Every structure is written in C-alpha cells, then in structure tokens.
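The structure appears below as structure tokens.
Because the structure is a prediction, the values reported are computed rather than measured.
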Amino acid sequence: MGYSRLELNGKVAVVIGGSSGIGRAIAHGLAEAGADVVPSARRPEQVEAVAKEIEALGRRSLRVTADVTDRDSLEKLLRAAVDALGKVDILVNSAGYNQRAPTLDFPEADWNRLIETNLNGTLRACQVFGRHMIERQYGRIINVASMGSFLALFEVAAYCASKAGVTSLTKSLAI
C-alpha cells in the first residue's frame with residue numbers, strides 16, 4: 001500500500017452488489033488496502049468467484065448471497081459476517097441495475113422493480129447494517145450513485161430518479 005492513511009488492516013467490509021462491475025472493483029480495492037471483504041449478490045457462482053479472488057489477495061472472505069429486495073437476506077448477511085469475522089466496519093451499497101426505455105412507454109411494474117432495487121434496497125441495507133454500526137459506535141457506509149443523479153440521461157428516467165434518490169438518502173443519513 002503506497003499511502004498509509006488508506007490502509008484498512010483489521011477492517012471488515014461488506015460489498016452488496018460486489019460480484020460484478022463497480023462493486024467487484026471496490027471489493028478488490030478494499031482487499032488490496034487490507035480489509036477482509038464479503039462480496040455479496042444474488043448469484044452464488046459470482047459470489048464464489050469474487051470470494052476466491054479476495055482470498056487470493058490474502059484476505060478473509062465469505063460466500064453469502066443476498067438480495068436487497070429481501071430484508072431477511074440482508075439480516076442473514078450481517079449475521080454471517082459478524083459470526084465469522086466479528087464485525088462489519090464498512091458497508092458498500094453497489095447493488096443496482098439500469099433499464100433503458102422511453103419514459104412514456106416504461107411499464108410501471110418495471111419502474112417499481114428498479115426503484116425497489118436501486119433506492120429501497122439501499123435504504124434497507126443502510127437500516128440493517130447501520131443499526132450494527134451505531135451499536136458499535138463505528139462504521140462507514142458508501143452508497144454508489146451515478147452521474148445520473150445530477151444529469152438527465154436519455155431513456156433512463158427510472159434509473160436517474162433512483163440514483164438521485166440514493167444521493168439524497170445518503171445526504172440525509174449523513175446528518
């Protein structure tokens with residue numbers, strides 16, 4: 001590690017949505033900085049692959065799937081991390097997806113599913129893990145938003161609305 005203030009030795013991080021894309025890159029970065037990392041997502045084969053990569057970096061990891069639309073699965077993830085690793089210091093909320101379609105034709109059920117995952121799922125994870133962090137009097141939560149939080153993007157109104165909500169939620173939780 002080139003900059004000691006970025007060292008995370010002794011820290012435990014959970015990365016929800018940590019099996020692909022930005023979440024996977026964050027999981028690797030946290031492990032490279034010294035943290036034990038639990039990458040979680042819905043697909044067990046992807047969770048397995050990233051957990052192996054984390055362990056290959058010399059860090060501890062777990063293989064626990066979770067779905068941000070299911071509070072029980074998030075509580076199970078927290079319990080598994082605490083039982084195996086003793087605590088959770090860092091939560092990264094990176095689960096989410098995008099769906100491109102003209103706004104006038106965007107089905108309401110698809111809108112609701114996207115908001116449920118990207119925005120409500122972030123809140124749900126913050127509630128579950130935040131309670132643990134408050135009890136310990138220590139914790140850091142990183143919510144992944146998007147430039148779509150601040151800019152209008154073509155045919156992704158639901159995504160931009162969900163990520164703008166994540167940005168506003170994050171500011172509110174910081175208070």
### Residue R63 excluded, over 12 heavy atoms near CZ under 6.0 Å
yes
### Task
Look at the side-chain heavy atoms of Ile, Leu, Val, Met, Phe, Trp and Tyr, link any pair under 4.5 Å apart, and say whether L173 and I134 land in one connected group.
no
### Task
Could you point out which residue of V14, I26, V37 forms a side chain to side chain contact (heavy atoms under 4.5 Å, CB included) with V92?
I26
#### Entry: Salt bridge present between E135 and K87 (N-O < 4.0 angstrom)
no
### Query
Does S94 reach the main-chain N or O of V144 with its side chain, forming a donor-acceptor pair under 3.5 Å?
no
### Query
Just checking, is any N or O donor in the side chain of N112 or E116 under 3.5 Å from an acceptor N or O on the other one?
no
### Task
Give the C-alpha distance, both sets of side-chain angles, the deciding distance and a yes or no for side-chain contact (heavy atoms from CB on, under 4.5 Å) between R100 and Y159.
CA-CA 8 Å; R100 184 175 295 279; Y159 177 78; over 6 Å; no
### Query
With hydrophobic residues grouped by side-chain heavy-atom distances under 4.5 Å, do M133 and Y138 end up in a single group?
no
### Query
Within a radius of less than 6.0 Å around CD of E45, do more than 12 heavy atoms belonging to other residues, nucleotides or ligands occur?
yes
## Note on the structure
Of all heavy-atom pairs linking L119 and G165, the shortest is CD1-C, 3.4 Å
#### Entry: Heavy-atom neighbours of R131 CZ exceed 12 at 6.0 Å
no
### Message
Using a 3.5 Å distance criterion without hydrogens, assess whether the side chain of H132 forms a donor-acceptor pair with backbone atoms of V88.
### Response
yes
### Query
Quick one: do I141 and L6 end up in the same hydrophobic cluster if we chain Ile, Leu, Val, Met, Phe, Trp and Tyr together by side-chain heavy atoms under 4.5 Å apart?
no
### Task
Decide yes or no for E75 and D72: does some side-chain heavy atom of the first lie under 4.5 Å from some side-chain heavy atom of the second?
yes
### Message
Within the structure provided, determine whether R24 and E53 are in side-chain contact (heavy-atom separation under 4.5 Å).
### Response
yes
### Query
Backbone N or O of A164 within a donor-acceptor pair of the S168 side chain at under 3.5 Å?
no
### Message
Could you check whether any side-chain N or O of D36 sits under 3.5 Å from a backbone N or O of R59, counting only pairs where one atom can act as donor and the other as acceptor?
### Response
no
### Task
Could you tell me whether a side-chain N or O of Y97 sits under 3.5 Å from a main-chain N or O of L114, the two making a donor and an acceptor?
yes
#### Entry: Donor-acceptor pair, side chain of R71 and main chain of V128, under 3.5 angstrom
no
#### Entry: Pairwise side-chain contact, R42 with T65, heavy-atom cut-off 4.5 Å (strictly under)
no
#### Entry: Distance-only polar pair, side chains of T122 and N143, donor-acceptor under 3.5 Å
no
### Query
If you measure from the Lys or Arg side-chain nitrogens to the Asp or Glu carboxylate oxygens, is any gap between D70 and R124 under 4.0 Å?
no
### Message
In the structure I gave you, are the side-chain heavy atoms of F129 and Q127 within less than 4.5 Å of one another anywhere?
### Response
no
### Task
Establish whether I90 and V64 are linked, either directly or via other cluster members, by ILVMFWY side-chain heavy-atom contacts under 4.5 Å.
no
### Query
When you measure from the side chain of S149 to the backbone N and O of K163, does any donor-acceptor pair fall under 3.5 Å?
yes
### Flag, side chain of S40 to backbone of A66, donor-acceptor distance under 3.5 Å
yes
### Task
Determine whether S61 and P39 make a side-chain contact, defined as any pair of heavy atoms from C-beta on separated by less than 4.5 Å.
yes
### Query
side-chain contact (heavy atoms from CB on, under 4.5 Å) between M147 and L153: does it pass, once the steps are laid out?
CA-CA 9 Å; M147 67 180 211; L153 301 172; 4.1 Å; yes
#### Entry: CG (L169) with more than 12 external heavy atoms under 6.0 Å
yes
### Task
Indicate, with yes or no, if L123 and I16 share a hydrophobic cluster defined by side-chain heavy-atom contacts under 4.5 Å among Ile, Leu, Val, Met, Phe, Trp and Tyr.
no
### Task
For a side chain to side chain contact (heavy atoms under 4.5 Å, CB included) with V38, tell me which candidate from V15, L77, L91 qualifies.
L77
